[in-house]
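Sequence positions, counted from 1, serve as the residue numbers for this chain. Start at 1 and go down the list; that is how both ligands and their atoms are numbered.
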Amino acid sequence: MKEMILQTKVLVCPYGELTDTDREVVDAARAATANSYAIYSHFNVGAAVRLGSGIIVSGTNQENAAYPSGICAERTTLFWANSQYPNEPVETLAIAARTEQGELEVPIPPCGACRQVILETEKRFGRNIRIILYGARQCYIIEDGVKALLPLSFNADFLE
Ligand code: THU
């Protein structure tokens, strides 16, 4: 039997070492946490994307008393961006979160459903998305697209 090893490269750095361009989209995600509707979990998530033209669009998690009807910040943001700017590729996606105690020290990674939607967005525009996960202590940068976070992923290729 052969082994198949799937590797994930994650760059780790403090916020202060991000480039100005990355910091701008990260700051939009951090600011968006203030608009989160998270009255059940009190876990406020913000996401922001930089589109091909440089426009930055942000969104938040939106919870619901019927819990599964809520949606994560990443999907709110991607669906909103892709609805408003259907021809603009998503270049970068930044994610940040805060609780009542303040910003999270450690970056929060996107959930499985959001990873699948990020993958669809990459497929749609034919390019990888740079993903930046913000934490007050350190940030993670995934440069190689969501496949690093979603190895052996199901995508449209299998439907052909
Ligand atoms: N949440 C996000 O918005 N993004 C993530 O990556 C993880 C979780 C939201 C969903 C829910 O509103 C709250 O955080 C707690 O799970």
Side-chain angles (χ1 to χ4, degrees), residues 6-15 18 21-51 55-85 88-125 127-155:
L6 306 165
Q7 286 185 317
T8 297
K9 187 179 83 177
V10 178
L11 304 177
V12 182
C13 74
Y15 171 79
L18 294 176
T21 316
D22 282 349
R23 224 179 293 162
E24 197 184 3
V25 65
V26 164
D27 285 347
R30 293 171 67 198
T33 60
N35 301 333
S36 154
Y37 181 69
I39 62 168
Y40 303 103
S41 70
H42 304 289
F43 191 74
N44 302 113
V45 187
V49 289
R50 177 187 297 283
L51 305 179
I55 293 174
I56 292 180
V57 170
S58 66
T60 63
N61 55 331
Q62 297 292 312
E63 297 189 348
N64 194 288
Y67 292 175
S69 302
I71 188 167
C72 295
E74 296 87 326
R75 273 174 290 159
T76 304
T77 305
L78 287 169
F79 290 154
W80 164 248
N82 294 336
S83 299
Q84 295 300 308
Y85 305 97
E88 288 215 27
V90 176
E91 283 186 350
T92 305
L93 166 69
I95 306 163
R98 69 165 60 246
T99 63
E100 281 146 356
Q101 279 74 51
E103 289 191 314
L104 294 201
E105 291 283 304
V106 175
I108 66 146
C111 79
C114 289
R115 292 177 196 207
Q116 190 69 34
V117 170
I118 299 168
L119 178 65
E120 188 71 28
T121 310
E122 287 187 349
K123 278 269 165 198
R124 170 179 180 160
F125 294 110
R127 58 186 291 173
N128 286 347
I129 296 176
R130 177 178 177 80
I131 301 168
I132 309 174
L133 311 179
Y134 170 82
R137 192 164 6 112
Q138 58 188 16
C139 299
Y140 295 163
I141 305 173
I142 294 112
E143 293 187 315
D144 304 327
V146 76
K147 283 198 194 74
L149 299 178
L150 195 63
L152 288 184
S153 49
F154 181 79
N155 61 54

- Message: Applying side-chain contact (heavy atoms from CB on, under 4.5 Å) to E91 and V25, what does each step give before you reach the verdict?
- Response: CA-CA 11 Å; E91 283 186 350; V25 65; over 6 Å; no
- L78 vs V49 side-chain heavy atoms within contact, under 4.5 Å: yes
- Item | Numbering as shown, the atoms of ligand 1 that approach C111 to under 4.0 Å (heavy-atom distance) | 6 (O)
- In this structure, atom 3 (O) of ligand 1 is nearest to the protein heavy atom A73 N, 2.9 Å
- At a 4.0 Å cut-off, with the gap strictly under it, does some heavy atom of P109 reach an atom of ligand 1? yes
- Query: Do C139 and R23 touch side chain to side chain, with heavy atoms closer than 4.5 Å?
  - Reply: no
- Task: Specify the protein heavy atom at minimum distance from atom 16 (O) of ligand 1: its residue, its atom name, and the distance to 0.1 Å.
- Result: F43 CD2, 4.7 Å
- ligand 1 to E74 polar contact by distance, N or O atoms, under 3.5 Å: yes
- Message: Show the atoms of ligand 1 that are less than 4.0 angstrom away from any heavy atom in S41.
- Response: 13 (C), 15 (C)
- Nearest non-hydrogen protein atom to atom 10 (C) of ligand 1, with distance, is C72 SG, 4.0 Å
- Message: Measuring from atom 9 (C) of ligand 1, which candidate in I95, N61, L133 has the nearest non-hydrogen atom?
- Response: N61
- Query: Would a 4.5 Å heavy-atom cut-off, applied to side chains only, mark F43 and I108 as touching?
  - Reply: yes
- Message: If you apply the rule side-chain contact (heavy atoms from CB on, under 4.5 Å), what do you find for D144 with K9, and how did you get there?
- Response: CA-CA 8 Å; D144 304 327; K9 187 179 83 177; 3.9 Å; yes
- Counting only non-hydrogen atoms of the protein, does one fall under 4.0 Å from atom 1 (N) of ligand 1? yes
- So is G70 close enough to ligand 1, meaning a heavy atom under 4.0 angstrom away? no
- C114 near ligand 1, heavy-atom distance under 4.0 Å? no
- Query: Does the side chain of Y15 pick up a donor-acceptor pair with the side chain of D27 at under 3.5 Å?
  - Reply: yes
- Task: Test L119 against K147 for side-chain contact (heavy atoms from CB on, under 4.5 Å), laying out the working first.
- Result: CA-CA 7 Å; L119 178 65; K147 283 198 194 74; 4.3 Å; yes
- R115 and P109: which non-hydrogen atoms are nearest, and at how many Å? NH2-CB, 3.5 Å
- Within a distance under 4.0 Å of any heavy atom of V45, pick out the atoms of ligand 1 and give their elements. 1 (N), 2 (C), 3 (O), 4 (N), 9 (C), 14 (O)
- Query: Looking only at protein heavy atoms, which one is nearest to atom 11 (C) of ligand 1, and how far off is it?
  - Reply: E63 OE2, 3.2 Å
- Query: Can you tell if the side chain of N82 reaches within under 4.5 Å of the side chain of V90, non-hydrogen atoms only?
  - Reply: yes
